[in-house]
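Heavy atoms only: backbone and side chains are in, while hydrogens, waters and symmetry mates are out. This structure is a prediction, so every number in the text was calculated from the model and none was measured. One is the number of the first residue; the rest follow in order along the sequence.
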Amino acid sequence: MGGGTAQSYYEDGIRLSFEQWGVSGADTYMSNSTSTPTAYNDPTGTNSFATPLSTITIAWDENATTEVKLERIITQKWIANWMLGNEAWADHRRTGYPRLMPATASGNKSGGAVNSNVGANRIPYPTNEFVSNKVNADAAVVTLNSESSQGSGNNYTTHVWWDKKPGRENIYAGSAN
């Protein structure tokens, strides 16, 4: 993968996504340096989110900070991978991008354990793992317990080993860049 720049890889990724989905206009899209994410207005009026979560544009900005470049890249990767939910979720947990609306109070069914601004960090092992793979599942839970700050590590709040970006929770506080 030598010889390219972050900008060239970013733009190639967008072009390939447009090509994959049979859409034209990638160059026009990539030159947009004014459009930014907007607030969400729920048509039912029950789950609107009045604050835009970001101020990034689509066009590459070589003078942006490394963090803003990362947000721009991962946001476009999220769009390109809309059919690959696990990949998009992994990138989101790894980087905190794209910035997503918090879960509504009625949508967060964790009893307050999961931060509505961040979402689930991992999926607990299902019961059948403790039946069909007990030795390994028990060993994994011991490791998770040692890494958890909330008691049991086999829950939605424990960060997996690669999900350790400092301050990831602070990305969300409903404010833009």
Side-chain angles (χ1 to χ4, degrees), residues 1 9-10 12-14 16-23 37 39-49 51-54 56 66-67 69-175:
M1 294 254 280
Y9 290 128
Y10 172 79
D12 286 349
I14 291 172
L16 288 169
S17 177
F18 271 59
E19 181 182 316
Q20 176 182 5
W21 299 109
V23 179
Y40 175 68
N41 186 14
D42 181 359
T44 68
T46 57
N47 293 308
S48 295
F49 196 74
T51 306
L53 295 174
S54 179
I56 63 166
T66 300
E67 197 65 23
K69 289 176 183 176
L70 176 63
E71 180 181 3
R72 187 172 277 120
I73 290 166
I74 297 299
T75 299
Q76 291 302 317
K77 185 178 179 191
W78 173 277
I79 293 168
N81 285 339
W82 70 277
M83 293 286 287
L84 303 171
N86 284 335
E87 176 78 12
W89 184 42
D91 280 336
H92 178 70
R93 291 180 296 161
R94 181 174 55 83
T95 66
Y97 301 119
R99 297 172 191 248
L100 302 174
M101 291 186 325
T104 61
S106 62
N108 184 340
K109 305 292 185 193
S110 71
V114 174
N115 181 329
S116 290
N117 291 325
V118 177
N121 293 315
R122 66 177 292 277
I123 297 174
Y125 291 117
T127 304
N128 72 338
E129 277 299 308
F130 296 96
V131 173
S132 64
N133 190 17
K134 183 168 179 45
V135 172
N136 291 319
D138 286 345
V141 169
V142 167
T143 300
L144 288 169
N145 289 348
S146 72
E147 296 174 355
S148 175
S149 61
Q150 298 183 0
S152 172
N154 188 32
N155 61 51
Y156 291 98
T157 62
T158 303
H159 292 266
V160 292
W161 65 270
W162 47 263
D163 173 16
K164 302 290 185 182
K165 182 174 182 175
R168 180 169 72 97
E169 287 81 1
N170 298 331
I171 289 174
Y172 298 95
S175 61

### Query
Between R99 and S54, what is the shortest heavy-atom contact and its length?
CD-CB, 3.8 Å

### Query
So, does N154 use its side chain to make a donor-acceptor pair with the main chain of Y125 at under 3.5 Å?
yes

### Query
Looking at CD of E71 and CD of Q76, how far apart are the two atoms once the value is rounded to the nearest 0.5 Å?
11.0 Å

### Task
Using the six-membered ring of Y97, assess whether NZ or CZ of R94 lies under 6.0 Å from its centre and within 45 degrees of the ring axis.
no

### Message
Let me confirm one number: the OH-NZ distance from Y10 to K77, rounded to the nearest 0.5 Å.
### Response
14.0 Å

### Query
What is the distance from atom CH2 of W78 to atom OG1 of T95, rounded to the nearest 0.5 Å?
9.5 Å

### Task
Keeping the roles fixed (side chain from N108, backbone from V114), state whether a donor-acceptor pair exists under 3.5 Å.
yes

### Separation of I56 CD1 from T75 OG1 (nearest 0.5 Å)
3.5 Å

### Query
Does some side-chain heavy atom of N47 sit less than 4.5 Å from a side-chain heavy atom of M101?
no

### Task
Compute whether any side-chain donor of one residue and acceptor of the other, for N128 and S132, lie under 3.5 angstrom apart.
no

### Message
When you compare the side chains of N41 and S48, does any donor N or O come within less than 3.5 Å of an acceptor on the partner?
### Response
yes

### Query
Can you name the nearest heavy-atom pair linking T158 to N155, along with the distance?
N-OD1, 3.1 Å

#### Entry: Rounded distance (nearest 0.5 Å) linking atom CG of N86 with atom CD1 of I123
7.0 Å

### Query
What's the spacing between D91 CG and N81 CG if we round to 0.5 Å?
7.0 Å

### Query
N117 side chain to P102 main-chain N or O, any donor-acceptor pair under 3.5 Å?
no

### Query
Can you check whether T143's main-chain N or O pairs, donor with acceptor, with S146's side chain at less than 3.5 Å?
yes

### Task
Determine whether W21 and M83 make a side-chain contact, defined as any pair of heavy atoms from C-beta on separated by less than 4.5 Å.
yes

